[in-house]
Amino acid sequence: QVQLVESGGGLVQAGGSLRLSCAASGGTFSNYAMGWFRQAPGKEREFVITITGSALTTTYADSVKGRFTISRDNAKNTVSLQMNSLQPEDTAVYYCAASPRRFGSRIESEYAYWGQGTQVTVSS
């Protein structure tokens with residue numbers, strides 16, 4: 001059983017930056033691909049970004065490419081999401097997720113463990 005706890009959300013103006021972190025416990029962290037998803041008000045949860053267990057490969061949603069960066073520290077059991085050039089449409093609850101499929105996925109159902117989410121609000 002893997003527990004995930006996100007932190008770092010908040011309110012930021014358009015064009016600003018935020019860094020989200022996710023701390024994992026209860027499993028062998030490097031065995032899991034890690035992903036970030038987000039859910040805006042009134043919308044379905046959507047894929048944002050993922051990183052393989054080895055940290056060698058990352059995959060981005062087109063909407064965040066060039067603005068968001070994912071990284072992980074397997075020694076510290078953490079994964080981070082650096083978000084730059086934030087826009088109001090990035091406003092959402094952001095969820096960290098762990099997949100036993102080491103090569104990551106855009107598919108929500110392939111993630112077995114989820115954090116509670118952290119709110120990101122971007123004002124215009």
Side-chain angles (χ1 to χ4, degrees):
Q1 191 79 1
V2 176
Q3 293 81 44
L4 303 172
V5 178
E6 301 100 334
S7 61
L11 174 65
V12 64
Q13 289 188 334
S17 299
L18 276 176
R19 186 176 181 87
L20 306 183
S21 294
C22 175
S25 60
T28 301
F29 186 63
S30 60
N31 286 348
Y32 295 87
M34 298 299 297
W36 288 92
F37 289 75
R38 67 186 182 185
Q39 186 168 22
K43 295 186 177 181
E44 294 187 351
R45 190 156 56 185
E46 65 175 2
F47 167 77
V48 177
I49 199 167
T50 186
I51 187 168
T52 55
S54 62
L56 291 178
T57 303
T58 57
T59 304
Y60 300 78
D62 287 344
S63 59
V64 305
K65 197 169 294 184
R67 301 188 299 124
F68 290 13
T69 304
I70 189 171
S71 60
R72 66 187 295 161
D73 186 335
N74 286 343
K76 296 182 178 179
N77 290 1
T78 59
V79 61
S80 297
L81 177 64
Q82 178 66 42
M83 305 184 294
N84 298 327
S85 301
L86 283 161
Q87 299 302 316
E89 53 266 34
D90 295 315
T91 295
V93 177
Y94 283 71
Y95 297 90
C96 171
S99 171
R101 296 174 61 90
R102 298 183 65 178
F103 295 100
S105 174
R106 298 173 180 261
I107 302 172
E108 192 173 326
S109 61
E110 294 186 353
Y111 290 80
Y113 305 103
W114 293 81
Q116 81 287 354
T118 186
Q119 177 70 47
V120 171
T121 303
V122 184
S123 63
S124 57

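Predicted, not measured: the structure shown is a model, and the values here were computed from it.
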For this session: Check whether any side-chain N or O of S99 sits under 3.5 Å from a backbone N or O of E110 as a donor-acceptor pair, and report yes or no.
Result: yes

Exercise. For the residue pair Y95 and Y111, is the inter-centroid distance of their aromatic rings smaller than 6.0 Å?
Worked result: no

Exercise. Run the side chain to side chain contact (heavy atoms under 4.5 Å, CB included) check on Q3 and Q1 step by step: do they pass?
Worked result: CA-CA 7 Å; Q3 293 81 44; Q1 191 79 1; 3.2 Å; yes

Problem set entry | V12-V48 co-clustered via ILVMFWY side chain contacts under 4.5 Å | yes

Seminar exercise, completed: Interatomic distance, CZ@R72 vs CG@N77, rounded to 0.5 Å, equals 9.0 Å

For this session: Please examine the side chains of R106 and T59, heavy atoms only from C-beta on, and report whether any two atoms are closer than 4.5 Å.
Result: yes

Problem set entry | Distance, nearest 0.5 Å, that separates OG1 of T58 from CZ of F68 | 14.0 Å

Problem set entry | Side chain to side chain, T78 and S21, heavy atoms closer than 4.5 Å | no

Exercise. Looking at side-chain heavy atoms only, is the closest gap between S71 and Q82 below 4.5 Å?
Worked result: no

Exercise. Got R45 and W114 here, is their nearest side-chain heavy-atom distance under 4.5 Å?
Worked result: yes

Exercise. Can you name the nearest heavy-atom pair linking S80 to R19, along with the distance?
Worked result: CB-NH2, 3.5 Å

Exercise. If two hydrophobic side chains count as joined below 4.5 Å and joins carry through other members, does M34 share a cluster with V64?
Worked result: yes

Seminar exercise, completed: In this structure, CH2 of W36 is separated from CG of L20 (nearest 0.5 Å) by 4.5 Å

For this session: Write down the atom of L4, the atom of A24, and the distance for their closest heavy-atom approach.
Result: CD2-CB, 3.6 Å

Problem set entry | Any donor-acceptor pair under 3.5 Å from T52 side chain to G104 backbone | no

Exercise. Can you tell if the side chain of Y32 reaches within under 4.5 Å of the side chain of Y113, non-hydrogen atoms only?
Worked result: yes

For this session: Treating Ile, Leu, Val, Met, Phe, Trp and Tyr as nodes and any side-chain heavy-atom pair under 4.5 angstrom as an edge, say whether L18 and Y60 lie in one connected cluster.
Result: yes

Exercise. Out of curiosity, Q13 CD to L86 CG, how far, rounded to the nearest 0.5 Å?
Worked result: 11.5 Å

Problem set entry | Minimum heavy-atom distance between S124 and A14, given as atom pair plus value | CA-CB, 4.3 Å

Exercise. Going by heavy atoms in the side chains, are F47 and I107 under 4.5 Å from each other?
Worked result: no

Exercise. In Å, rounded to the nearest 0.5 Å, how long is the span from CZ of F103 to CD1 of I51?
Worked result: 13.5 Å

Exercise. Is there a donor-acceptor contact under 3.5 Å linking the side chains of Q119 and T121?
Worked result: yes

For this session: Would you give the length of the straight line joining atom SG of C22 to atom CD of E6, rounded to the nearest 0.5 angstrom?
Result: 5.5 Å

Exercise. Does the side chain of M83 come within less than 4.5 Å of D90's, by heavy atoms?
Worked result: no

For this session: Show the numbers, then the answer: is there a side chain to side chain contact (heavy atoms under 4.5 Å, CB included) between I70 and V79?
Result: CA-CA 7 Å; I70 189 171; V79 61; 3.8 Å; yes

Exercise. Does any non-hydrogen side-chain atom of R101 lie less than 4.5 Å from one of T50?
Worked result: no

For this session: Keeping the roles fixed (side chain from N74, backbone from F29), state whether a donor-acceptor pair exists under 3.5 Å.
Result: no

Seminar exercise, completed: Heavy-atom closest pair (S17 atom, S85 atom, distance to 0.1 Å) is OG-N, 4.3 Å

